Protein chains: 2
Amino acid sequence: MTTVQNQSWRSIRSEVVRRIADRDWLPGQLIPGEVELAREFGCARTTVNRALRELASAGLLDRRRKAGTRVSLNPVLKATLDIPVTRLEVEQRGAVYDHHLLERVVAVPPQQVAGRLGLTTTSRMLHLRALHLADDKPFLYEDRWVNLAMVPQILDVDFGLISANEWLVRNIPLTTGDITFSAANASPDEADILRTTKGAGIFIVDRTTWAGPEPITSVHLAYAPGFQMRTTI
Amino acid sequence: MTTVQNQSWRSIRSEVVRRIADRDWLPGQLIPGEVELAREFGCARTTVNRALRELASAGLLDRRRKAGTRVSLNPVLKATLDIPVTRLEVEQRGAVYDHHLLERVVAVPPQQVAGRLGLTTTSRMLHLRALHLADDKPFLYEDRWVNLAMVPQILDVDFGLISANEWLVRNIPLTTGDITFSAANASPDEADILRTTKGAGIFIVDRTTWAGPEPITSVHLAYAPGFQMRTTI
DNA sequence: TAGTGGTCTAGACCACCCT
DNA sequence: GGGTGGTCTAGACCACTAC
């Protein structure tokens, strides 16, 4: 047994990754316990625990009390998407950001939107439609409903100065929600707004947001053709 | 000052999240140091550190030595996508999985593919085209190139038994890479294979995979219309 | 019920970097 | 220079669960 001294938890993590990559430890195989690894690496069990815990949360290891730690059989690929405010998304692409408010009206939302938000009542909500521009070209068409019962102060916001997107992020911290990504064909309206042709394949994001148990907003985003969302694994 | 005893790091995390949500601590604001919080919560500094570290990695806090810990000004929304093997993706939707190999040939890849993989040579690669089915309906069309210099043993695989996707995950552990999500209009070929109409909006995933410094595979995935990718924040 | 990982402690030293 | 977070230690108790 090789004993390596003065290893930080990162080194231990690397070594474990190496053993998996080199197939010293095969998928599904039980690896030594924390105590034994601590002996081998010449460090405290806490340090080994830190390394293995990180790898487990990354999906590379499966850990269970009493059962021990195994190399994952089906290492689920985890892609982390950073979804910034639209303004930053545009600026990160090296373009100049601008946005236009297309519609701002208080109305009763369609059944579909109310359902997504878990609202059975027919209470009135704020309906916003906006176009986000990158270098004066259409980038993203946003169709949003905001729950006025939760965010009444949004009625006073000047959306010429700040987008609803950005205002909500700044004023309603710590929201949870779900996101759906899909593809669609541009409707005539969407094609007109995004200055493309009807039927063009467009990238769609639907997001519903909650602050604790209370629904805040539901938004439908249609990106202009050519849009790509990138990430690294 | 309220002192709470016997708090686990999860409780501390919750309390910090509450203070941010309730705006006791405003975005950009410096929060108390670990030592002071440990005093307040009646626990060891290590425990506070664990809680704050997790929140920092979630993007909710910004931490710097000497500068202290601040509430993030622009909490970037982080969506984590779990990308399982296609077979599991289908089965998780409650459908029966099947797949057909459409083409399997060794050839020189087009310039675009070689470029993505960082290969300037015109070395031959394995070209695979396959259709993944859910309940006998087209689910995903896969167009893949595999670097034979790195994975020669893939020539012996019977892709009637296991998809290339699954074989690679099982036999080349620990890959890195990049993923691009986009929308497109189905080409005549794609429409034919996916049994849809030409021009239908389809969800596209392009993934290039590396094992350390060596390129392994580049794959183009076209999902059947109606496909949605979901996640929770 | 025994073995494994999960967590907490009290203390220590160090790296970083703002002032 | 000094204050902050980053990490490590040695030990302890506990929760879970396979056996």
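Remember, predicted model here, so these are calculated numbers, not experimental data.
Whole-Å rounding puts the A:Glu34 CD to D:dA12 C1' distance at 14 Å. Atom CZ in B:Arg70 sits roughly 14 Å away from atom C1' in D:dG5 (whole-Å rounding). Distance B:Trp9 CH2 to C:dT9 P: 14 Å, rounded to the nearest Å. Note: CD (A:Glu36) to C1' (C:dT4) measures 13 Å, nearest angstrom. A straight line from CD1 of B:Ile31 to C1' of D:dG3 spans 16 Å, rounded to a whole angstrom. Between the P atom of D:dT17 and the CG atom of A:Asp62 lies a distance of 14 Å, rounded to the nearest Å. At whole-Å resolution of the value, CZ in B:Arg53 and P in C:dC8 are 11 Å apart. One atom, CD of B:Glu54, and another, P of D:dG6, lie 13 Å apart when rounded to the nearest Å.
In the set D:dA18, D:dG6, C:dG6, D:dA18 carries the atom at the smallest distance from any side-chain atom of A:Arg64. Checking D:dG1, D:dC16, D:dC8 against every side-chain atom of A:Lys66, the shortest atom distance belongs to D:dC16. Taking every side-chain heavy atom of A:Asn49 into account, C:dT7 is the closest of C:dT7, D:dT7, D:dT9. Across C:dG5, C:dT7, C:dT9, the shortest atom-to-atom separation from the side chain of B:Ala44 is found for C:dT9.
Ring-plane geometry between A:Phe203 and A:Tyr223 is classed as perpendicular, the angle between the planes exceeding 60 degrees on a 0 to 90 degree scale with a lower cut at 30.
Between A:Thr69 and the phosphate of C:dT4, there is no side-chain N or O to OP1/OP2 separation shorter than 4.0 Å. Listed pair B:Thr47 / C:dT7 fails the phosphate criterion, with no side-chain N or O lying under 4.0 Å from OP1 or OP2. Proximity of B:Arg63 to the phosphate of D:dG6: a side-chain N or O atom is located under 4.0 Å from OP1 or OP2.
Shown are B:Arg39, B:Arg63, B:Arg53; of these, the side chain to side chain donor-acceptor pair (under 3.5 Å) with B:Glu34 is made only by B:Arg63. Each of A:Phe139, A:Tyr97, A:Phe159 was compared with A:His132 under the ring-ring contact (aromatic ring centres under 6.0 Å, His included) criterion, and only A:Tyr97 meets it.
Taking the nucleotide of DNA chain D with the nearest heavy atom to each of B:Arg65 and A:Thr46, the more 5' of the two is matched to B:Arg65.
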Practice item. Starting at the 5' end of DNA chain C, write a dot or bracket for each base, bracketing those in Watson-Crick or G-U wobble pairs whose two distances are under 3.5 Å and using | for partners on another strand. Key: ||||||||||||||||||.

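Considering every non-hydrogen atom in both B:Ile179 and A:Ala79, the closest pair reads CD1-CB, 4.4 Å. Scanning all heavy atoms of the two residues, the minimum distance from B:Leu128 to B:Ala164 falls at CD1-CB, 3.5 Å.
Within 4.0 Å (heavy atoms only), B:Arg45 reaches at least one base atom of the nucleic acid.
When only modelled atom types and interatomic distance are considered, B:Ser218 and B:Arg207 share no side-chain donor-acceptor pair under 3.5 Å. Using modelled atom types, one finds a donor on one side chain and an acceptor on the other under 3.5 Å when comparing A:Asn165 with A:Thr86.
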